[in-house]
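Every chain is numbered from 1, with letters handed out A, B, ... down the list of sequences. The structure presented is a predicted model; accordingly, all values stated were derived computationally and were not measured.
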Amino acid sequence: MKYEKEILNAHELDNILTRLTFQILEKCTDFENTKIIGIKRRGAILADRIREKIKQFKDKDIEIGYLDITLYRDDLTEISEFPIIRGTEIPFNVKNKNIILVDDVIFTGRTARAALDAIMDYGRPKKIILAVLIDRGHRELPIQPNYKGKYVPTSFDERINVKLKELDGIDSISISKNIK
Amino acid sequence: MSFTKTDLLGLKDLSKEEILFIIETAEKLKEINGRDVKKVPTLKGKTVVNLFFEPSTRTRTSFEIAGKRLSADTINFSASSSSTSKGETLIDTVKNIEAMHSDIFVVRHAFSGSVKFIAENTKANVVNAGDGTNEHPTQALLDLMTIKEHKGGFEGLNVAIMGDIEHSRVARSNLWGMSKLGINVRLFGPKTMLPEHFKHFNCKICSSMEEAVENADVIMMLRIQRERQSNLLLPSLREYSKFFGLNKRALSLAKKDAIIMHPGPINRGVELPSILADSKQSVILEQVENGVAIRMAVLYLLSLNKKEG
């Protein structure tokens with residue numbers, strides 16, 4: 001049996017993204033040298049939305065890239081699902097740029113570490129800022145996001161399910177657990 | 001889609017979906033080759049041994065580069081310096097290298113079936129880099145990837161494969177692959193290099209070059225495998241070139257946007273004149289480029305699957 005509870009609806013999700021965008025904008029003035037990179041797949045969608053909000057509030061169009069961290073995972077042979085490569089698309093030079101790195105959930109920190117390694121392979125950015133929608137704790141590496149939408153304390157056997165319109169047809173964040 | 005094969009021995013053993021999946025993976029990996037730092041840490045700590053019992057430069061280099069781009073330790077082993085020349089059996093050689101904790105063997109051997117034999121006797125993942133006149137799967141996969149890049153897909157394409165079909169493992173692998181992907185294949189070559197059993201591949205055997213190239217989307221020329229012929233099967237290279245080499249007149253019968261392919265190395269002036277080998281329609285160097293991406297994809301996908309026991 002599965003227990004599942006919604007923790008954010010579409011409206012709340014949008015509000016949190018708006019707040020995240022403003023937090024980023026407070027620190028970001030040099031738009032020419034700022035780029036956004038979203039971690040595939042749902043981080044990439046959230047990155048698109050943050051970019052749209054920056055366009056809306058500041059009338060600035062920031063270049064965006066999408067990162068697939070599969071090839072940088074440190075657990076390739078241990079993961080249960082088959083790692084499909086979705087491809088990285090970074091159409092700009094990251095050297096000396098301020099990079100806003102976006103992901104949906106931060107958990108152990110291994111995805112963020114892989115993303116940092118991957119970005120470094122493209123060049124040496126001036127700064128990387130990590131923005132995530134949900135922080136569910138349980139870090140295994142000393143990595144913290146600069147901005148987080150919501151901290152959701154979870155137990156290890158719970159799951160955070162991020163559903164986004166573009167992929168799942170609905171905007172909703174839920175927490176679930178299998179009950180024996 | 002998940003890929004469950006532990007060895008890549010030939011396209012005969014792969015399903016249409018598996019062939020397309022390898023190509024799609026390679027398309028994603030190709031981007032790495034254009035970076036300043038052409039390296040990802042995916043196979044860090046893995047050992048890939050290129051066991052080449054037959055001479056090769058481009059395939060071995062391509063596999064070596066592919067392994068290195070994925071951060072594997074790639075080691076080359078060639079027949080001239082191997083213990084097989086001192087009388088050691090093939091399996092003993094393989095077992096010895098396996099005992100050094102190698103993860104993947106890339107094997108080329110002059111005898112058909114030898115790579116399958118090795119795969120059955122080792123715990124390492126095995127990739128066939130050409131076995132006798134049997135198969136050369138990564139070459140066919142890179143050919144298919146290049147065709148896809150130019151033609152957008154496979155279904156219904158007309159492909160003319162011409163030349164020394166009998167001795168070509170490239171042709172055999174392509175025939176397995178292309179028939180699964182819905183490509184119409186036409187074969188043309190000297191009768192001495194076109195044996196009866198090719199009829200079973202559901203392809204058209206043409207009696208003239210004109211018939212083979214007419215309305216073709218792809219023209220694939222093969223190299224004369226002089227090293228693999230026990231008896232000389234043609235009177236002279238000049239005669240071969242005249243009757244079986246591609247020329248401008250024949251090419252004009254193909255579709256205007258037809259591409260010319262060749263697995264290399266070209267015997268310039270025999271299968272292809274330089275004017276065509278270096279023309280805009282020629283995609284020979286793109287094939288070489290895609291070869292690295294395909295081999296990266298194969299090494300990556302096989303490394304995810306450990307053999308039982």
Side-chain angles (χ1 to χ4, degrees), chain A residues 35 37-44 63-97 99 101 108-126 128 140-141 143 167, chain B residues 1-6 17-18 20-48 66-72 101 103-104 123-125 145 148-149 292-308:
Chain A
K35 312 282 175 191
I37 294 179
I39 300 175
K40 282 188 176 180
R41 291 155 85 194
R42 289 175 178 76
E63 267 191 290
I64 191 161
Y66 308 103
L67 188 68
D68 176 6
I69 55 98
T70 311
L71 297 166
Y72 285 82
R73 288 171 81 145
D74 58 5
D75 54 354
L76 209 51
T77 50
E78 290 159 33
I79 45 184
S80 52
E81 92 259 37
F82 193 85
I84 290 172
I85 300 170
R86 302 187 190 280
T88 291
E89 303 136 55
I90 299 184
F92 46 81
N93 192 346
V94 301
K95 200 175 165 192
N96 288 328
K97 301 291 189 297
I99 304 291
L101 181 63
T108 60
R110 287 176 194 273
T111 300
R113 184 209 66 95
L116 295 175
D117 281 351
I119 293 170
M120 295 294 181
D121 273 359
Y122 281 88
R124 185 177 181 275
K126 189 173 169 204
I128 299 178
E140 291 170 2
L141 297 171
I143 288 175
L167 269 181
Chain B
M1 170 82 198
S2 65
F3 188 87
T4 53
K5 293 271 187 305
T6 52
E17 289 69 32
E18 285 170 325
L20 293 174
F21 186 63
I22 297 174
I23 294 170
E24 279 159 22
T25 305
E27 285 167 346
K28 299 288 181 343
L29 290 168
K30 191 175 173 181
E31 166 264 335
I32 295 165
N33 298 320
R35 295 186 193 176
D36 282 346
V37 180
K38 302 176 199 52
K39 216 175 178 62
V40 291
T42 316
L43 296 190
K44 198 167 142 191
K46 298 266 183 200
T47 305
V48 177
K68 289 198 157 121
R69 298 253 159 103
L70 294 172
S71 297
H101 297 276
D103 299 290
I104 301 178
K123 285 193 210 98
N125 301 109
M145 180 178 174
K148 190 181 169 199
E149 278 181 351
V292 175
I294 282 288
R295 283 155 187 143
M296 285 165 79
V298 168
L299 294 177
Y300 166 71
L301 292 172
L302 290 183
S303 73
L304 296 170
N305 301 325
K306 284 257 174 291
K307 284 189 184 172
E308 300 281 323

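Interatomic distance, CG of B:D36 versus CG of A:D121, reported as 10.5 Å (0.5 Å rounding). For the atom pair CE (B:M296) and CG (A:L71), the distance works out to 7.5 Å, reported to the nearest 0.5 Å. Going from atom NZ of B:K28 over to atom CG of A:D68 covers 8.5 Å, rounded to the nearest 0.5 Å. Distance check, rounded to the nearest 0.5 Å: OG1 of A:T88 to CZ of B:R35 gives 5.5 Å.
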Can you check side-chain contact (heavy atoms from CB on, under 4.5 Å) on A:F82 and B:T4, steps first, answer last? CA-CA 9 Å; A:F82 193 85; B:T4 53; over 6 Å; no

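Looking at B:F21, only its side chain comes within 4.5 Å of chain A, counting heavy atoms on both sides. Interface remark: B:K30 contributes no atoms to any contact with chain A (heavy atom separation under 4.5 Å).
Minimum interatomic distance between B:K39 and A:Y72 (heavy atoms only, all atoms of both residues): O-OH, 3.7 Å.
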